[in-house]
Structure formats: C-alpha cells, structure tokens
Amino acid sequence: QVRLVESGGRLVQAGDSLRLSCAASGLTSDNYAMGWFRQAPGKERTLVAAISYIGGTYLPDAVKGRFTISRDNAKNTVYLQMNNLEPEDTAVYYCATVQTIKRNAIPQGQNEYDYWGQGTQVTVSS
C-alpha cells in the first residue's frame, strides 16, 4: 500500500524560508510523478508544484521564483523549498503521487493523482 508522509510544516514569519519533505513508501515501480498541493481555509485545494520522475518541474505563477520542487528517487522523497514566504501561503500542504506512463509526465490536476498524504500545516505570520 502506498503511503505518503509529509513533514516540515510549522509557524514562520513573513519572509522566512521553509522546506517541506514527503517520504513515499509502498511504491512498486518507477515512473511516478509527485506533486505538492495546498488548501487554505475556505478555499479549494490548488497545485503548488509538480515534478516528473526524471525531474522536470511545473510551478504556477503564484509561487514561481519563490518555491522549488525537487526529488531524491533513491530515497523516494520529494521536497518543496519555499522562500520569501507570505501570509497568503498559509495553508495545509499535501503531497501526492501517481504512476505515469511516460517518465517526463508532470500531472497538474489534483484528479490526476492517486495517492495523497495527510498534509502538513504551514502558517506564515505577518
């Protein structure tokens, strides 16, 4: 059974940096893409960053230039480096994964992902 465990969320101040980690277990093959989503209170869950199995990335304009996604396939772990955090970044951050046909696939829709972590809370104070 696939399991994703996020860590690293905490209370920080505006302008601070934070790195989230997501460790995956139970993966039975290669070719899995990973993504980070976030959901603020009263808002829909949205994509923050996604990465293909071979390291291609996608980040929406809202976080591009501040956030970076990376992965270590040997450790089955994906990271989200967040710099210059803003109060608007406050949310629960979720890690997700899906096995893809192509190694360079970067799924961007939450409905494209099959497995989800429980989430980690990031709170940015002003």
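Basis for what follows: all heavy atoms, side chains included, without hydrogens, waters or symmetry-related copies. As the structure is a prediction and not an experimental result, all values here were calculated from the model. Quick note: residue numbers are just sequence positions, from 1.
Residues satisfying the salt bridge (charged side-chain N to carboxylate O under 4.0 Å, His left out) criterion with Arg3, sequence neighbours excluded, are absent altogether. Qualifying side chain to side chain donor-acceptor pair (under 3.5 Å) partners for Thr57, counting only residues two or more places apart in sequence or in other chains: none. For Glu88, the side chain to side chain donor-acceptor pair (under 3.5 Å) criterion is met by no residue, not counting sequence neighbours. For Asn31, the side chain to side chain donor-acceptor pair (under 3.5 Å) partners at least two apart in sequence or on another chain are Arg103. Not a single salt bridge (charged side-chain N to carboxylate O under 4.0 Å, His left out) links Lys102 to another residue, sequence neighbours left out.
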(message) Walk me through whether Arg38 and Lys43 qualify under side-chain contact (heavy atoms from CB on, under 4.5 Å).
(response) CA-CA 9 Å; Arg38 68 185 179 186; Lys43 296 187 177 181; over 6 Å; no

(request) Test Thr90 against Val122 for side-chain contact (heavy atoms from CB on, under 4.5 Å), laying out the working first. (result) CA-CA 5 Å; Thr90 295; Val122 173; 6.0 Å; no

(request) Using the side-chain contact (heavy atoms from CB on, under 4.5 Å) rule, take Met82 and Leu20 through it: C-alpha gap first, then chi angles, then the decisive distance, then the call. (result) CA-CA 8 Å; Met82 304 184 291; Leu20 305 182; 3.7 Å; yes

Listing, residues 6-17 side-chain donor-acceptor contacts under 3.5 Å, not counting sequence neighbours, or none:
from, atom 1, to, atom 2, distance (Å)
Glu6, OE1, Gln118, N, 3.1
Glu6, OE1, Gly119, N, 2.9
Glu6, OE2, Cys95, N, 2.8
Glu6, OE2, Gly119, N, 3.1
Asp16, OD2, Gln13, N, 3.0
Ser17, OG, Asn83, OD1, 3.0

What donor-acceptor contacts under 3.5 angstrom involve side-chain atoms of residues 67-78, with partners at least two apart or in another chain?
from, atom 1, to, atom 2, distance (Å)
Arg71, NE, Asn73, OD1, 2.6
Arg71, NH1, Tyr32, O, 3.0
Arg71, NH1, Ser52, O, 2.9
Arg71, NH2, Tyr32, O, 3.1
Arg71, NH2, Asn73, OD1, 3.2
Asp72, OD1, Ala74, N, 3.1
Asp72, OD1, Lys75, N, 3.4
Asn73, ND2, Tyr53, O, 3.0
Asn76, OD1, Tyr32, OH, 2.5
Thr77, OG1, Lys75, O, 2.9

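Considering every non-hydrogen atom in both Pro107 and Val98, the closest pair reads CG-CG1, 3.8 Å. The shortest non-hydrogen separation linking Met34 to Ala24 is CE-CB, 4.2 Å. Taking each heavy atom of Trp36 and Cys22 in turn, the nearest pair found is CZ2-CB, 3.6 Å.
Counted by atom type alone, Thr46 and Glu44 present zero donor-acceptor pairs between their side chains at under 3.5 Å.
Taking CG of Asn84 as the start and CZ of Arg66 as the end, the distance is 6.0 Å to the nearest 0.5 Å. Rounded to the nearest 0.5 angstrom, Ser126 OG and Glu86 CD are separated by 12.0 Å.
Residues Ile106 and Leu59 do not share a hydrophobic cluster, defined by chaining ILVMFWY side chains whose heavy atoms lie under 4.5 Å apart.
With Phe37 as the partner, the side chain to side chain contact (heavy atoms under 4.5 Å, CB included) test is satisfied by one option alone out of Val92, Leu47, Val48: Leu47.
Distance alone, capped at 3.5 Å, places no donor-acceptor pair between the Thr100 side chain and the Ala105 backbone. Put simply, the side chain of Arg19 never gets that close to the backbone of Leu80: no donor and acceptor are under 3.5 Å apart.
Pairs passing the ring-ring contact (aromatic ring centres under 6.0 Å, His included) check and including a residue from residues 79-103, sequence neighbours excluded, do not occur. Within the structure, every pair that satisfies the side chain to side chain donor-acceptor pair (under 3.5 Å) test and touches residues 108-117, not counting sequence neighbours, is listed here: Arg45-Gln110.
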